[in-house]
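Heads up, the thing below is written out as structure tokens.
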Amino acid sequence: MYSEKVMDHFMNPRNVGEIEDAAGVGEVGNAKCGDIMRIYLDVEGDIIKDVKFKTFGCGAAVATSSMVTEMVKGKTIEEALKITNKSVADALDGLPPAKMHCSNLAADALHEAIKNYQEKMQNA
Amino acid sequence: MRRVYLDHSATTPVDPEVAELMMTYYTEKYGNPSSVHSFGRETKAALENARESVANLMNAEPTEITFTSGGTEADNLAIFGVAEAYSKKGKHIITSAVEHNAVIDTCEFLAKNGYELTILPVDEEGFISVDDVAKAIRPDTILITIMHANNEVGTIQPIAEIGKIAKEKDVIFHVDAVQSFGKIPVDVKAMNVDLMTVSSHKIYGPKGVGALYIRRGVRVIPRVHGGGQERKRRSGTENTPGIIGFGKACELAAQRMAQDAEREAALRDKLLEGIMERIDYVKLNGPRGENRLPGNLNVSIQFIEGEALLLSLDLMGIAASSGSACTSGSLDPSHVLLAMGLSHEIAHGSLRFSFGRQNTEEDVDYVLEQLPKIVERLRMMSPLYDQVKHSKTQKANAL
Ligand code: FES
């Protein structure tokens, strides 16, 4: 039911882990099925230098988290903000309809992390 | 790669002896049992023989067996059939929170159409209280429908005690015995059951065949009208190869039941102990001991999600199932686990292994070799697990 890309990212997830003293952290819970995803960002200048994730969820949730980290690494904040759940799902060659909400989780966690970073910057 | 099938509660392979017999009834003895000629007569004889085998395995009379297309149809026939036949007496139905969807959804459909439903709760091991059943019975109660053994957690309900109460209060009692029939002793007389659903493909028979036991004297309005087969209770040309295969599967089950149960329970216990030794934060779902189906194991592995577990196991050739929300189309966790009071999170990491005749010690060893690695990999990714790792004061397997 999953594409090869999804299975690849599920079995060999990129950027699993945490960043200590991260520039931004975003955590979202999935109201639908109760899953949790956390994304850590390391930002230098305007560039996302490093990104890590932790996910408690299904295969699609792990794969979308992994994919989203791969998509934003080295990108500017502005570019990262343009990433949507659809672009993540497309990058994985699609997700089964019942699993589209899992890709929301990844995009939302990323946007939360960026928001957290921006708030920190304002307060600094 | 090794392939280990541990999903026998979902379905079983057809026994080769069964398949061989069935083949004859596809290619050689294909007559319609309703026909008067010799072709029809030989099929009719085999059909009645199968009816007897099914009846014998539950201590019923052959005339009390109605063949259907499976457990779901038998459940529907029982519940709708009684609801319609006895609607003058009342419209109240009692069921439980852990029934199969074939029962729950049918009851809920009736509840939307003028019937009243009482759904009994279960305790943390999945047991219904006999007292609760007694208290729920009203003058207008026409049906109690409770499963024998639960498909997810293997809990075996006190059917004989409930049957006794139903009889005393003169309420019709239907039992969905799809998971228990052929695996543990089932006796409709001793259990005071009026209607009982059984299925073929859970006991090494073919898919697409089931039966409803209807105690003599109990009225059931048919759902399928037509040629009047099955004593007018279920019209349509009989699925003779399937039914004959089901009959054979019942004969084999009668011979093997005790030895299968013992062997499967031993394998199950070995797997449970092995998991508990090798993995921390694991919870057994459902009871221990005699009141659990011999081949059923259900554990929750905390901090990880069931679908991810199933996918990883599948990649290693291991087939199991899960009650996680992420594995269900509706994205709701298993209603059985929730009814037992488990949190969404624990239901999330639930894993069911169901054993069968072909499983071996080596299968268990293989799972015990693979599962801890998979759990570790997924926990490494889980934001919930580091919280626990960081608070070292928590005790492992404290649940
Ligand atoms: S995270 Fe639950 S379905 Fe994907």
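- Judged purely by atom type and a 3.5 angstrom limit, B:H335 uses its side chain to pair as donor or acceptor with the backbone of B:E99.
- Only the side chain of B:L315 comes within contact range of chain A, with at least one heavy atom under 4.5 Å from a heavy atom of that chain.
- Only the backbone of B:I304 comes within contact range of chain A, with heavy atoms under 4.5 Å apart.
- When each of A:C102, A:G17, A:G57, A:A98 is checked for heavy-atom pairs under 4.5 Å with chain B, A:G57 comes out on top.
- Partner A:T55 forms a side chain to side chain contact (heavy atoms under 4.5 Å, CB included) with one of A:D35, A:I39, A:V62 and no other, that one being A:V62.
- B:Q370 has its side chain out of reach of B:R2: every pair of non-hydrogen atoms, C-beta onward, lies at least 4.5 Å apart.
- The aromatic ring centroids of B:F303 and B:Y281 lie less than 6.0 Å from each other.
- Contacts of B:H348 with chain A are made by side-chain atoms alone, with heavy-atom separations under 4.5 Å and no backbone atom involved.
- Proximity of a side-chain donor or acceptor of B:D363 to a complementary backbone N or O of B:T360 within less than 3.5 Å is detected.
- Both the backbone and the side chain of B:S312 come within less than 4.5 Å of a heavy atom in chain A.
- The minimum heavy-atom distance between B:I374 and B:L309, with the atom names listed, is CG2-CD2, 4.0 Å.
- Both the backbone and the side chain of A:M11 come within contact range of chain B, with heavy atoms under 4.5 Å apart.
- Contacts of A:A61 with chain B are absent, with no heavy-atom separation under 4.5 Å from either backbone or side chain.
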